Amino acid sequence: MRPLDENETTQVFEKLFKFVGSNLKNIVENPSHEGPDPNPGRYCFRLQKNRVYYVSESLVKRATNIKRENLVSLGTQIGKFTKTGKFQLTIQSLNLLAANAKHKVWLKPTSEMSFLYGNNVLKGGLGRITENINPNDGVVVFSMSDMPLGFGVAAKSTQDCRKMDPNGIVVIHQADIGEYLRMEDEL
Amino acid sequence: MRKKQKQKIVLPPELPPEVPDDEIQVSDEDLQFVDQNRDYAGFVSNLDTKSITKHVTRVADVKDDALESMYERRLRKKSADKDKEEDEVEVDPVDALPVKTLDGKLYYRTVPSAAKKSETEATAASEDNGTATPMVKLTKAEKRAKQKKLRKEAKKQVKETAQSDEVRQAPQSEVLDEVKKELTAEEANEKKKYRLAELGTALLVDPESNIKSLREMLQIAKDGDHSIVILGLKSLLAVFKDILPGYRIRLPTEKEQQMLVSKAVKKTRLYESTLLTAYKAFVQKLIALEEQAVYKCVAMRCICTLLEAVPHFNFRENLLVAIVKGISSQDDVVRKLCCATVKSLFEHEGKHGGEATVEAVKMIAELVKVHNCQLHPDSIEVFMSLSFDEDLRKPESSEVDNKTKMKNSKKKRKLVEPNKLPASENKRSRREIISKTREEVKADYKAASFAQDVAERRRMQSDTLSAVFQTFFRILKHAMQSLVSSMGESFSLPLLAPCLNGIGKFSHLIDLDFMADLMNYLRKLAGAGSQKNDSHHLTVSERLQCCIVAFKVMKNNLEALNVDLQEFFVQLYGLILEYRPGRDKGEVLAEALKIMLCDDRQHDTQRAAAFVKRLATFSLSFGSAESMAALVTLRHLLHKNAKCRNLLENDAGGGSVSGGIAKYNPYATDPGLSGALASVLWELNLLTKHYHPAVSTMASSISTMNTVSNQVSHSNISPQQAFVQLSHEHESFIPASNTKKTSNKRKKGCSLSFPISSASKDELMTLADENAVRNKLSEHFLILDNIVENERLRTELYCTNMSLKLCEQYRKQKKRIR
């Protein structure tokens, strides 16, 4: 386990910024009440076996006692670095993203299953959408009962969405909670 | 030139050929003749040789223009010296003809012996006038007519002042007035009034034959006397209102005039042309008079009445221009008149077929543009009385529908055709014939009927609508720019409030393209107050209005897309804290709460919980009206979002339901990140002990919401109603039973025991109550003061006692030591 170096940190923050925007500050400076220390510590990012984890400092301290080969995971995984060195967010970061998301999309009950199978979000399945979405923004997908289902990238702006025909793609799928079942081995 | 001169001045007769005095030889016969007839030639000695020579030499050599100016100067000099005496009565020239000297002066015989020389302009025109009008007036004097007596009395007073005004007029008009004043000024005015009334009634009875008297009435209205002009205008207005026809007059073209037509047509043409010219002159006069402050009110009223009565007639544009100018005038009366007229114009579209609406709206838009949005709010209020067809936006969709219908029908036909080919051919031909005849009938009907074409109407309405929205957007842009640009200067946005109201009203007609821009503007305006430099910001009420309008717009366009207005929720969250009861309007806040929170919408749990917590805090800080509104909203939110009910449990930290954030952050600006699910609603406990019974019952019912399974009494009042109800009670401050609510609530444990009175006696009771309250309170506080005083004195006493004792002891000890 090691902390991220500069390059890696910029990459991670860029990706996160697409989804949470100015709330990135909240993520980075989130006070953590874990641990025996009465003063709240901070959360930080750690890299272990090409996967990036979001951990509280108290936990990190204790995790240093475990041998590197034996450490499987710590805290919450938010993404991983591919072989070519690019950072990708994985589905485990959903809770963190959903709490701080700027751009949200709510799906109608009929099209939830479609998204959970890995398909893109069509306009006909759209229940609600936040204002001011620009193309290529990170979007978190919720069900109508406010349960986060996954996230993706916006294909069109909100304004364009209004005029689209019902079969147009609104959000391009990136990750959904159905992956826990479909791609159990790869997570 | 010469002719003119001759008309103006009277040249003296030609002199006999010049013979030097020396060479004159007077014959004896001549001398004898003169001696014998002294009387005959006596006049020679009376001749004013001086003036004659002066006249001849002066006039003969001077050129035309200089001559005129000379005469004018002379007149002015003479009038400056003159004294005016109102007792003097000039004899009517008919009785005693004036005498004219060689100078061209007219001497009128005057009854008092003091012979005043009155002057006239040495023009033939005035002479003719002078002789003509007295003649006409004499004939008037013979006639009598029914007259409105009230006007007479009122005018008499005005006349006294008018007469004194006339003294100071320019010398030339003085002269004219004198010519007209053969009798006293009063009598002349009375005669004019009678004449007006006469002409008016004659016109109303039979307009066609008496149309020429319109000209005369116009002439009277051009009188110099202020009151006569007003009277003239008013009578002309009454006449025109009645005789103007229900159609626009189109004057016949050259070609038509050359055609041979029947007598009736000729008569109508003549009537129409006279009517039109007279009306034109009247309108021009009104517009000219409107500039003058004296006639402004009357002229404006006339213009407004005309436009209301006959909006379809010619010259409507001129009237509209004048009225739209008056819409934003500083004068209250004028402005109210104009606004009322424009409103009635919008409401009664049937009279003018919608064109006047378009014109008026375009003119108002122009006005706003020119004045850079600094107008009185009334000028935009008139837009609220506009009404549009509901399906104004449908044309695009109807085309699409048509296309899809066509496609469907084509598909259906393709399916049906192969089966029914032979039979359908006959049907098809029959169908074609039927449809053809139907179209022909329709075309004939359209040509014959006066009903407006639907398409035409729609076009006009879309024109109006686009002008209206243009204005609204311009106002919004202006507001934005002033917010951005002005640094520390105070600026006023008088038009913002009615603009927002209008947008809210017509939000269902906004085109989708503009939606994004509109939302952008509204968002920026709503967030305008949160900047650090408070010199330029919108008031809380205005920002609330922006949020309300944004929600209305969104709601009315739900079929397009259901958009979640996150930013506005953030603004509302902040605005609830910034509200101050005296400064900001509670009703606006209540409306905002209703529209944004209570209406059927799905909310993010964190967000709903954040609002719940903040509303509870809010209801603790303000009076009962605001508390009630907040509590109603609170209950509604708790109903809708079952997950928020763990706020009612005494479970600080929220446990597992608290979502991502473990601790409540009361100062967070974003409701989604406040962590309210981790807090507890302890405020409800305090509120159950509120002095107002309604608030306390509501608070207790909310706190038991989780445990009480059956929802017993749920009065579905909105926060606005709650606010209004309680604010009325609050004003009277009497613990009276609420007449609106069915349940009777008595005040518990109030120290002021007053009889429960009905609402009507409230005002009478308040005064008595206040005094009694004051007395009681003063007694109470006196007692308190006394108690405090008492205690203080007692402690002092105790202290002094102690010190005395100490002294004694000390002395005793000293004695012992000694």
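To find a chain, count down the sequence lines: A is the first, B the second, and so on, and within it residues start at 1. As the structure is a prediction and not an experimental result, all values here were calculated from the model.
For the residue pair A:Gln159/A:Ser157, the side-chain donor-acceptor check at 3.5 Å is not satisfied.
With a 4.5 angstrom heavy-atom cutoff, A:Glu131 touches chain B via backbone and side-chain atoms both. The contact between A:Lys163 and chain B is made entirely by side chain atoms (from C-beta outward), counting heavy-atom distances below 4.5 Å. In this structure, the portion of A:Asn26 lying under 4.5 Å from any heavy atom of chain B is its side chain and not its backbone.
The side chain to side chain donor-acceptor pair (under 3.5 Å) contacts involving residues 172-182 of chain A comprise A:His173-A:Asp176, A:Asp176-A:Arg182, where partners must be two or more places apart or lie in separate chains.
Note on ring orientation: taking the six-membered ring where Trp is involved, the planes of A:Phe45 and A:Tyr54 are tilted (angle from 30° to 60°).
Residues passing the side chain to side chain donor-acceptor pair (under 3.5 Å) test with A:Asn119, sequence neighbours excluded: A:Ser114.
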